[in-house]
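In listed order, ligands and their atoms are each counted from 1.
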Amino acid sequence: MQLAKRLDSISEPQTIKMAKLSRELKAKGVNVIDLSLGEPDFRTPEYICNAAVKAINDGFTKYPPVAGIPDLLEAISLKLKRDNNLDYAANEIIVSTGAKQSLANAVLCIVDPGDEVIIPTPYWVTYSSLVLLAGGVPKYVECTIADDFKLTPEKLEGAISAKTKLFMFSSPCNPTGSVYSKAELEGLANVFKRYPQVAIISDEIYEYINYTGRHESIAQFTELRDRVIIVNGMSKGFAMTGWRLGYMAGPRNIVQACDKLQAQFTSGANSITQKASVTALLGDLTETNKMANAFKERRDYIIGALKKMPGVLVNQPEGAFYAFPDISSFFGKTDGETTISNDEDFSMYLLNKAHVATVWGAAFGCGNCIRISFAASMTSLMDAMGRMAIALQELH
Ligand code: PLP
């Protein structure tokens, strides 16, 4: 079978590759601690599950409208006002089968072949693949640990060219946990004001897992209102990864374009999930905040443990559930059997020697680091950090 060339530009996400390797080792009876996945380890809160059961029992099982059921669009509109003080009418919102689909819709509706898309590194793996699938040209802007992996206005301005069509980023960020403050976003917004041809995708899927106590959206700068697209979803904040519900809020023309595209791809998102999401979004966030507090405790533990390991340099993640330590000081070192030449070697060494699964940083556009998810129990994290410390002591 001859496959389409468009597939040549993308590869399997390394996050998935690592999860597979770790599953294979587990199948051989090895006690692997898998910290490679970006998935809350909590169950979906009961009140949300009950709403889904009710939807099934009520027979709410038919094709929903492509953009989403009216009560969910209304709930998202209310949520954006309640949590973000943003005004989006129901017809400026569209619901999809996960934030990933919302991102794909938006990129495919904005990017033409040859268009440049600015992506600050480190970035979430899918961004570059979506741009490449659309025929666009990712323009990576390196952000370093010295800047808490955040983009500065100067770097942003330096990357914009006449071909720049789109900018995409996440805050809180996967993989670095960096969270942009209002002042930092304002700095970027002031640059964007000078380049009206650049659209902005603001991926806010980790909004509720924020340890600063405050989430800021670049959509609050009203001059950018006609070109900011907010992407969010239920997966992370409500532990609903398997339910597949994401949404986008933005200018009417992009929402209409995504509706047109999605109508041909997948139609409306799962009707039962949509009903459950109404309950989740209109609820009081007690369960969400409990999960976020547990992640914070784990963040404090894991960052403390990593800081005690000689040669490991780490920033303080202020959101999401990942540590992204710089491990480049181990390049060139060996335990006598394995020599660590790069981030992938380091991650494989941890898997094979310590039986701890992580993801190498090159997957996120940063080859000096690895990503460690702390969406795992405290016991697993303590065990993993103990094993990692021992494995690193053997590298000389
Ligand atoms: N955006 C970021 C930054 C993510 O980390 C993820 C999931 O890992 C997504 C989007 C996709 O979320 P969803 O499960 O809603 O497709």
Both conditions, 6.0 Å and 45 degrees, for the charged tip of [X] above the ring of [Y]: are they met here?
X: Lys333; Y: Phe330; result: yes
X: Lys296; Y: Tyr211; result: no
X: Arg225; Y: Tyr88; result: yes

Considering non-hydrogen atoms of the protein only, which is the closest contact for [atom], and what is the distance?
atom: atom 3 (C) of ligand 1; answer: Asp203 OD2, 3.3 Å
atom: atom 15 (O) of ligand 1; answer: Ala99 N, 2.7 Å
atom: atom 6 (C) of ligand 1; answer: Trp124 CZ2, 3.4 Å

Against heavy atoms of [X], which atoms of ligand 1 measure under 4.0 Å?
X: Asn174; value: 3 (C), 4 (C), 5 (O)
X: Gly98; value: 15 (O), 16 (O)
X: Ile205; value: 1 (N), 2 (C), 3 (C), 4 (C), 10 (C), 12 (O), 15 (O)

Out of Met240, Arg244, Lys236, Met234, who is nearest to atom 16 (O) of ligand 1 when you count heavy atoms only?
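The option holding the nearest heavy atom is Arg244.
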
Kindly assign one of parallel, tilted or perpendicular to the pair Tyr140 and Tyr123, based on the angle between their ring planes and the thresholds 30° and 60°.
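Geometry flag for Tyr123 against Tyr140: parallel rings.
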
In terms of the angle between their ring planes, are Phe169 and Phe167 parallel, tilted or perpendicular, with boundaries placed at 30° and 60°?
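If you compare the ring of Phe169 with that of Phe167, the planes turn out tilted.
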
Which pair of non-hydrogen atoms, one from Leu185 and one from Ser217, has the smallest distance, and what is that distance?
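That closest heavy-atom pairing would be CD1-C, 3.8 Å.
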
N or O pair under 3.5 Å between Tyr206 and ligand 1:
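For ligand 1, there is an N or O atom that lies under 3.5 Å from one belonging to Tyr206.
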
So is Lys100 polar-close to ligand 1, meaning N/O to N/O under 3.5 Å?
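Min N/O separation from ligand 1 is below 3.5 Å for Lys100.
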
Could you walk me through whether Glu207 and Lys236 satisfy the salt bridge (charged side-chain N to carboxylate O under 4.0 Å, His left out) test, starting with their C-alpha distance in whole Å, then the side-chain angles of each, then the deciding distance to 0.1 Å, before giving a yes or no?
CA-CA 9 Å; Glu207 167 180 13; Lys236 314 292 177 173; over 6 Å; no

Which segment of Ser235 sits under 4.0 Å of ligand 1 when only heavy atoms are counted:
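Just the side chain.
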
